[in-house]
Amino acid sequence: QRLLRPAPVRGLPADFRWGVATSAYQIEGAVAEDGRTPSIWDTFCRVPGAVEGGESGDAACDHYHRMPEDVELVAGLGIDTYRFSLAWPRIQPGGRGPANAKGLDFYKRLVDEVQGRGITPWITLYHWDLPQELEDAGGWPARDTALRFAEYAALAHEALGDRVEHWTTLNEPWCSAMLGYAHGVHAPGRRDLGDAMRAVHHLLLGHGLAAGALRDAAGNNPLELGITLNLGTATPETDSAADREACRRADGMGARLYLDPLVHGRYPEDVVADLAAQHIELPVREGDPAAIAAPLDVLGVNFYRGMRFSGVTEDGSATGADGLPVTRVVERDLPRTAMDWEITPTELTDLLVRLQRDYALPTVITENGAAFDDTVAADGSVPDADRTAYLADHIAAVVAARAQGADVRGYFAWSLLDNFEWAYGYDKRFGIVRVDYDTQVRTLKDSAKWYRDTIRLTRRERA
Ligand code: GBH
């Protein structure tokens with residue numbers, strides 16, 4: 001059992017940003033209210049077998065009706081910044097045309113509540129809830145979706161941009177493209193690598209066009225613009241050429257395929273060549289690279305784990321059954337979360353130092369956290385020492401990265417609440433606050449109290 005009494009985190013600047021994060025579909029519920037139309041997740045949840053237990057975000061945490069109470073919770077944690085996402089199908093039902101005043105109204109009230117309690121709102125425009133009508137018209141593999149996204153971004157900024165300074169375009173385009181269009185485990189459940197790669201390009205183009213629209217709309221008002229990527233580390237099992245090659249491929253498809261065009265204005269040549277060998281081409285048109293490389297003020301990093309890779313199968317073959325070079329994840333003997341993900345805090349330090357070296361952008365950890373099988377004690381408390389340790393170790397990893405020169409400016413815990421964990425349904429709990437889904441009662445877990453006390457002590461120490 002670890003010592004979990006909070007100690008101040010040393011070595012952070014006074015303006016280090018502490019936050020918590022959520023996303024619309026995972027918490028809001030109220031999917032058919034005030035003019036909201038279905039998103040690809042509403043549709044996907046109805047596909048038999050797609051989501052554990054046949055669950056959906058229909059009710060979720062009922063945040064749409066309990067929003068002031070939830071913001072009160074955030075305030076009670078002493079947090080500076082609340083990261084949440086806007087539901088595109090609330091603001092622009094169907095993904096086209098004029099804004100829906102009632103949808104916007106919910107987010108205006110949310111921003112009022114947040115700012116009224118002295119908390120900074122941090123908006124994510126897209127956390128996976130594409131309007132179904134746009135999917136029916138081709139989804140992210142279709143170029144038009146990028147244009148529609150920029151239009152939606154402009155509508156959202158028009159309504160909220162006079163008060164909200166922090167805007168993230170996309171959350172984890174890798175997940176949208178790969179899990180949604182290649183692996184088929186997220187909405188819309190398609191399985192075609194070519195479609196997934198067309199989705200990558202149009203997600204990035206949508207980001208770039210939205211970035212331009214947001215800058216135009218902001219004019220002289222302050223704007224801090226970013227994108228959030230899910231990033232990890234790829235470590236070779238051995239020093240063999242095959243294992244290092246597997247890491248090159250994993251890092252290429254997982255990280256550089258996004259970071260290089262965003263920051264350096266070009267896709268990585270090795271990844272483009274690997275795709276060409278599979279007869280897949282990114283549908284790049286003239287002007288796209290420049291649009292995608294629109295200046296970023298901050299890079300959002302969602303970190304859950306690093307991974308070890310091998311370039312050969314268990315029996316030593318360098319080619320898999322599909323005829324492609326092997327990129328195999330090697331399980332390590334490490335503690336794991338309830339998602340079965342290895343717990344790898346020092347790899348967060350490695351990642352942040354590497355991002356600084358190769359991309360040199362200010363970063364914020366826009367998500368970090370873990371699911372564990374929580375228990376509720378007789379006195380009603382939730383003694384989640386494992387989650388507290390996870391958060392503490394990853395915050396320490398951020399401090400270590402800063403000491404090595406990484407410009408990390410903030411840390412947001414994922415998540416404020418237990419919520420709809422996508423294909424896993426409600427069984428996997430990432431919240432620092434427990435949600436009883438029968439009563440919708442919220443209870444601070446021990447990790448939330450630890451986080452609150454750590455932030456408080458750290459602030460006092462710095463003052
Ligand atoms: C985030 O996705 C999402 O932004 C958030 O909505 C979600 O609730 C949260 O994480 C928790 O899942 O181990 O083979 O799956 C993170 C998705 C998780 C995708 C780690 C990549 C590593 C590969 N990422 N995963 S694997």
Side-chain angles (χ1 to χ4, degrees), residues 19-28 39-41 44 51-52 55 57 60-61 63 83-87 122 124-130 168-187 196 203 226-235 246-247 250-251 253-255 257-258 300-309 327-332 334 336-344 347-348 351 364-372 387 390-391 394 412-433 435:
V20 283
T22 62
S23 92
Y25 189 69
Q26 293 181 274
I27 65 167
E28 286 179 356
S39 76
I40 54 175
W41 270 95
F44 188 66
V51 175
E52 205 72 36
E55 290 171 327
C61 306
H63 171 73
R83 173 181 181 246
F84 55 89
S85 79
L86 308 184
W122 182 300
T124 301
L125 281 163
Y126 185 73
H127 200 125
W128 307 354
D129 40 4
L130 184 72
T168 294
T169 54
L170 305 175
N171 180 70
E172 303 188 343
W174 178 90
C175 291
S176 298
M178 293 301 292
L179 301 180
Y181 291 92
H183 303 163
V185 296
H186 277 189
L203 283 154
I227 184 170
T228 279
L229 304 179
N230 56 299
L231 296 168
T233 50
T235 323
C247 287
D251 183 61
M253 285 291 279
L257 182 59
Y258 304 85
V301 177
N302 290 357
F303 180 85
Y304 290 90
R305 64 177 292 193
M307 286 195 245
R308 177 177 287 179
F309 287 92
T327 311
R328 179 170 62 92
V329 178
V330 179
E331 305 291 334
R332 294 173 282 187
L334 291 171
R336 288 163 187 270
T337 71
M339 299 295 280
D340 216 27
W341 296 345
E342 295 169 350
I343 302 178
T344 61
E347 288 170 26
L348 174 57
L351 169 67
V364 166
I365 306 298
T366 38
E367 286 179 28
N368 175 243
F372 287 105
R387 183 175 291 102
Y390 183 99
L391 297 178
H394 286 80
F412 296 12
W414 181 270
S415 182
L416 173 66
L417 302 172
D418 290 337
N419 60 47
F420 177 69
E421 179 51 29
W422 308 112
Y424 294 88
Y426 294 93
D427 182 54
K428 299 286 182 266
R429 294 175 175 270
F430 277 85
I432 58 174
V433 174
V435 175

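Not measured: the values here are computed from a predicted model. As the structure lists them, so they are numbered: ligands from 1, and atoms in each ligand from 1.
From the protein, the heavy atom lying nearest to atom 13 (O) of ligand 1 is Arg305 NH1, 2.9 Å. Summary of contacts: the protein heavy atom closest to atom 14 (O) of ligand 1 is Met307 CE, 4.2 Å. Here the heavy atom of the protein found nearest to atom 2 (O) of ligand 1 is Glu172 OE1, 2.8 Å. Atom 1 (C) of ligand 1 has Glu367 OE1, 3.2 Å as its closest protein atom, hydrogens excluded (heavy atom only). In terms of protein heavy-atom proximity, atom 12 (O) of ligand 1 is closest to Glu421 OE2, 2.6 Å.
Between Trp422 and Val51, the shortest heavy-atom contact is O-CG1, 3.6 Å. Thr337 approaches Tyr390 most closely through the heavy-atom pair CG2-CE1, 4.3 Å. The shortest heavy-atom contact between Phe309 and Ala246 is CB-CB, 4.3 Å. For the residue pair Phe430 and Tyr304, the shortest heavy atom distance occurs at CE2-CE2, 3.8 Å. In terms of heavy atoms, Ile343 sits closest to Leu334 at O-CD1, 4.2 Å.
Note that the OG1 atom of Thr124 and the CZ atom of Phe84 stand 8.5 Å from one another [nearest 0.5 Å].
Per-residue contacts place His127 under 4.0 angstrom from the following atoms of ligand 1 (heavy atoms of the residue considered): 3 (C), 4 (O), 5 (C), 6 (O). Short contacts between ligand 1 and Asn171, defined as distances under 4.0 Å to a heavy atom of the residue, involve ligand atoms 4 (O).
Between Trp422 and ligand 1, an N or O atom pair is found at a separation short of 3.5 Å.
Ion pairing of Arg336 with Glu331 is present here, as a side-chain N (NZ or NE/NH1/NH2) and a carboxylate O approach within less than 4.0 Å.
Heavy atoms of Trp128 come nearer than 4.0 angstrom to ligand 1 in at least one pair. Between Lys428 and ligand 1 there is no heavy-atom distance shorter than 4.0 Å. Cys175 counts as a contact of ligand 1, since one of its heavy atoms falls under 4.0 Å from the ligand.
Each of Tyr126, Trp128, Phe420 was scored for a ring pair (Phe, Tyr, Trp, His ring centres under 6.0 Å) with Tyr25, with one residue passing: Phe420.
Ranked by closest heavy atom to atom 18 (C) of ligand 1, the top entry among Tyr304, Phe430, Trp341 is Trp341.
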